[in-house]
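If you're wondering where the values come from, they're calculated on a predicted model, not measured in any experiment. Computation of the quantities below employed the complete heavy-atom set of this structure, encompassing side-chain atoms and omitting hydrogens, waters and symmetry-equivalent molecules. We name chains A, B, ... by the order of the sequence lines, and we start the count at 1 in each one.
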There are 2 protein chains.
Amino acid sequence: MPENLAYAELIAVLVAVTDNEPRVMTIGAGEALPSGPFETSHRSLQSGLRAWIESQTGHPVGYLEQLYTFADRDRATEAASAAPHTRHISIGYLGLVREQAALGAGRPEWHSWYEYFPWEDHRERRPELLNHITERLLVWAGEDVTRRQRVEFLFGLNGLLWNEDLVLQRYEMIYEAQLEKEPGFGRQMAGDHRRILATGITRLRAKIKYYPVVFELMPDSFTLLDLQRMTEALAGLRLHKSNFRRQVDQQNLIEETGEMSSETGGRPAKLFRYRPAILEASALSGARLPYSRH
Amino acid sequence: MPENLAYAELIAVLVAVTDNEPRVMTIGAGEALPSGPFETSHRSLQSGLRAWIESQTGHPVGYLEQLYTFADRDRATEAASAAPHTRHISIGYLGLVREQAALGAGRPEWHSWYEYFPWEDHRERRPELLNHITERLLVWAGEDVTRRQRVEFLFGLNGLLWNEDLVLQRYEMIYEAQLEKEPGFGRQMAGDHRRILATGITRLRAKIKYYPVVFELMPDSFTLLDLQRMTEALAGLRLHKSNFRRQVDQQNLIEETGEMSSETGGRPAKLFRYRPAILEASALSGARLPYSRH
DNA sequence: TGACATAAACTCACATCGAGAATAAGTCAT
DNA sequence: ATGACTTATTCTCGATGTGAGTTTATGTCA
């Protein structure tokens with residue numbers, strides 16, 4: 001069954017956050033995501049990839065999750081695939097590492113993910129360039145009402161709220177409108193790597209809401225504001241301080257270390273640490289069905 | 001780069017609901033999930049699979065979503081893979097079809113998914129066999145406190161609530177305890193197909209909470225109780241009637257057809273239809289961050 | 001000593017949710 | 001026609017959660 005044979009590779013969206021900036025590991029001067037061969041010597045994709053990443057970054061991967069398997073013919077990476085009728089499969093992974101390191105065999109470079117998606121950072125303000133982007137998209141939409149509504153929904157126009165989770169959908173619309181290579185539409189990447197990165201950001205932004213993955217990016221001890229800044233960096237949004245704190249301690253996932261921080265001006269803050277112990281029992285909020293508990 | 005070559009196939013978890021019973025399409029007398037070759041003639045995996053399924057079932061696939069790519073060496077399907085050092089990749093998909101059909105080239109059979117996971121149906125009551133299952137698991141856990149807590153959490157012991165979303169985690173624990181082939185632990189499937197099915201159920205149960213996929217399984221017009229029974233069949237739980245109705249019309253996804261149903265005894269019910277129009281704008285509940293909207 | 005900055009606790013109006021009661025409108029046996 | 005029964009549909013009520021902002025505490029620095 002030779003038609004079942006395919007070239008398979010792993011692609012990693014590796015994220016670290018330093019100086020409140022979420023960064024992604026790249027190769028080729030920021031032009032591509034790191035990808036590796038599909039090792040046959042490991043028990044699973046996961047463990048093979050983990051070993052490979054650790055050799056590249058010099059740091060352990062705290063969290064690793066499969067993203068999506070890409071194989072669309074028209075959006076495949078141009079590389080490899082000498083034989084014309086052989087398919088090319090990329091299995092994407094999302095990984096979180098605690099520190100950004102210039103160590104490791106591959107001399108990895110890290111770039112802020114907002115270089116590739118500058119319209120996704122709303123921490124300071126709604127980015128100026130969104131005006132230009134939505135203008136171009138509305139021209140593209142033309143008279144098509146469904147398309148116009150979708151632009152309004154995705155980009156929070158006409159009083160609709162900006163939804164930080166829709167990274168991939170926004171990029172796909174820009175791609176569909178063939179604007180992704182225009183100036184003002186962010187830095188490009190090889191092949192479909194920018195789309196894979198968008199998939200990773202989307203997944204991470206959704207995940208931090210119902211699963212305590214943020215802690216994989218935090219140092220051993222941290223203040224509540226540190227934790228808030230981390231979440232804000234990922235979400236690309238400012239959060240409400242006291243409500244953030246309330247939510248955090250309702251979840252019961254952290255405990256005081258007893259130490260205080262001697263930080264930037266102001267009253268010293270208590271230091272906390274993550275306690276993964278009960279982790280699962282908390283199982284957190286999330287959407288619910290109208291249960292009937294008798 | 002021959003080490004990058006792999007056998008790739010698609011595996012489908014195809015779900016239909018009839019008579020309030022969620023059913024999954026199988027081959028080989030219920031022993032396996034349908035799987036197909038990895039067609040090179042289509043634009044994407046998705047469209048190739050869609051065409052293939054429609055030829056098999058004789059019905060269009062309403063909804064299709066990629067689940068996971070499986071490639072663990074130790075849990076691979078025994079089949080195929082003549083060459084020893086070639087990897088075997090299965091890309092799993094979840095598909096929803098409105099009707100269960102015995103038509104189509106493959107003469108598909110449909111089986112209730114609760115045959116494979118009998119402990120997952122809590123609509124009538126907590127299944128008796130859970131007592132036996134948790135007993136065996138607690139023996140397996142022994143003195144290991146973490147394991148015991150995990151059993152209690154996954155199976156809702158000691159006052160903890162049963163969480164219908166944890167289908168995969170429960171199956172994985174049973175697998176880890178090597179109980180998956182014991183009598184009373186559900187019907188088996190070839191290779192890792194039962195695990196893939198568990199992945200599909202898990203995904204679907206989670207998804208109905210924040211995205212209106214149920215309607216892909218509903219007929220054109222239906223009563224609110226029909227909709228509730230459908231949701232209950234998937235979730236394996238009874239829901240609270242009036243609260244279910246309240247939630248549904250808050251979401252604003254259905255409208256009255258104007259007709260009434262002449263159904264089973266009792267007051268006639270209004271008929272409704274799904275209106276996918278604004279679909280996305282509703283974007284529904286889900287977990288939230290403590291936003292700050294100025 | 002006082003201006004400034006951040007931490008931490010608290011308040012309050014309002015929306016959402018679990019639970020169940022009350023009322024409406026059919027069918028069916030007598 | 002009447003009453004038992006069944007399901008539909010609407011309301012009510014208390015508990016809990018959420019957005020928004022105020023108040024008080026405790027440090028640094030000019």
Side-chain angles (χ1 to χ4, degrees), chain A residues 20 159 161-164 209-210 221-232 235 237-272 282-294, chain B residues 20 122 159 161-164 209-210 221-232 235 237-252 254-272 282-294:
Chain A
N20 291 327
L161 288 180
W162 173 264
N163 182 342
E164 81 279 7
K209 297 199 181 64
Y210 62 90
S221 89
F222 48 85
T223 69
L224 292 175
L225 189 57
D226 291 339
L227 186 62
Q228 182 178 343
R229 292 282 176 255
M230 174 67 75
T231 309
E232 289 173 339
L237 286 176
R238 280 268 164 262
L239 303 178
H240 187 285
K241 188 160 175 173
S242 41
N243 292 344
F244 179 81
R245 301 166 71 96
R246 176 172 61 191
Q247 194 192 72
V248 164
D249 64 41
Q250 273 171 358
Q251 293 176 174
N252 218 32
L253 290 167
I254 60 176
E255 62 190 4
E256 300 183 16
T257 65
E259 319 264 302
M260 303 290 278
S261 91
S262 49
E263 27 44 288
T264 65
R267 175 175 167 177
K270 291 178 185 166
L271 285 173
F272 292 84
S282 66
L284 300 166
S285 54
R288 275 180 299 215
L289 293 171
Y291 295 118
S292 176
R293 295 177 183 122
H294 295 298
Chain B
N20 290 327
H122 290 227
L161 289 179
W162 173 264
N163 182 342
E164 79 280 5
K209 297 199 182 66
Y210 63 91
S221 89
F222 49 84
T223 69
L224 292 176
L225 188 58
D226 292 339
L227 186 61
Q228 183 179 340
R229 292 280 176 257
M230 174 67 77
T231 310
E232 289 172 339
L237 285 176
R238 281 268 163 260
L239 302 179
H240 186 284
K241 189 162 175 171
S242 44
N243 291 345
F244 179 81
R245 301 165 71 95
R246 176 172 59 191
Q247 194 190 72
V248 163
D249 64 41
Q250 273 170 359
Q251 293 177 173
N252 219 32
I254 61 176
E255 63 192 0
E256 300 183 15
T257 65
E259 319 264 301
M260 303 289 278
S261 91
S262 49
E263 28 42 287
T264 66
R267 175 174 169 180
K270 291 178 185 166
L271 286 172
F272 293 83
S282 66
L284 301 165
S285 52
R288 276 180 297 217
L289 293 171
Y291 294 119
S292 176
R293 296 177 182 120
H294 296 296

Quick one: [X] [atom1] to [N] [atom2], roughly how many Å, whole number?
| X | N | atom1 | atom2 | value |
| --- | --- | --- | --- | --- |
| B:Leu289 | D:dT18 | CG | P | 11 Å |
| B:Tyr291 | D:dT18 | OH | P | 12 Å |
| B:Asp226 | D:dT7 | CG | P | 13 Å |
| B:Arg246 | C:dG18 | CZ | P | 8 Å |
| B:His240 | D:dT12 | NE2 | C1' | 12 Å |
| A:Leu239 | D:dT18 | CG | C1' | 14 Å |
| A:Gln247 | D:dA20 | CD | P | 14 Å |
| A:Lys241 | D:dG21 | NZ | P | 15 Å |

### Task
For the residue pair A:Leu224 and A:Phe244, establish whether any side-chain heavy-atom pair is separated by less than 4.5 Å.
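Side-chain contact under 4.5 Å: no.
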
### Query
Are A:Ile254 and A:Phe222 side-chain neighbours, meaning at least one heavy-atom pair lies under 4.5 Å?
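Of all side-chain heavy-atom pairs linking A:Phe222 with A:Ile254, at least one is under 4.5 Å.
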
Protein N or O to nucleotides 25-30 of chain C N or O, pairs below 3.5 Å:
| from | atom 1 | to | atom 2 | distance (Å) |
| --- | --- | --- | --- | --- |
| C:dA25 | O4' | B:Arg267 | NE | 3.3 |

### Query
Contact class for A:Ser242 vs. all strands (heavy atom < 4.0 Å): base, sugar-phosphate, or nothing?
base

Kindly write out the residues that satisfy side-chain contact (heavy atoms from CB on, under 4.5 Å) with [X], not counting sequence neighbours, or none if the list is empty.
| X | value |
| --- | --- |
| A:Glu164 | A:Trp162, A:Arg205, A:Lys209, A:Ala235, A:Leu237, B:Leu289, B:Tyr291 |
| B:Thr257 | B:Ser221, B:Glu259, B:Leu271, B:Arg273 |
| A:Asp249 | none |
| B:Leu225 | B:Thr223, B:Gln228, B:Arg229 |

### Task
Applying salt bridge (charged side-chain N to carboxylate O under 4.0 Å, His left out), name anything that partners B:Lys241, two or more places apart in sequence or on another chain.
none

## Note on the structure
Across all chains, not counting sequence neighbours, the side chain to side chain donor-acceptor pair (under 3.5 Å) partners of B:Gln250 are none

### Query
Listed by chain and number, what are the side chain to side chain donor-acceptor pair (under 3.5 Å) partners of A:Asn20, not counting sequence neighbours?
none

#### Entry: DNA chain D: 5'-proximal contact among B:Lys270 and A:Met260 (nearest heavy atom)
B:Lys270

### Message
Based on the rotation axes of five pairs at each end, what angle does the helix from C:dT1-D:dA30 to C:dT30-D:dA1 bend through, to 10°?
### Response
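End-to-end axis angle for the helix from C:dT1-D:dA30 to C:dT30-D:dA1: 0°, rounded to 10°.
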
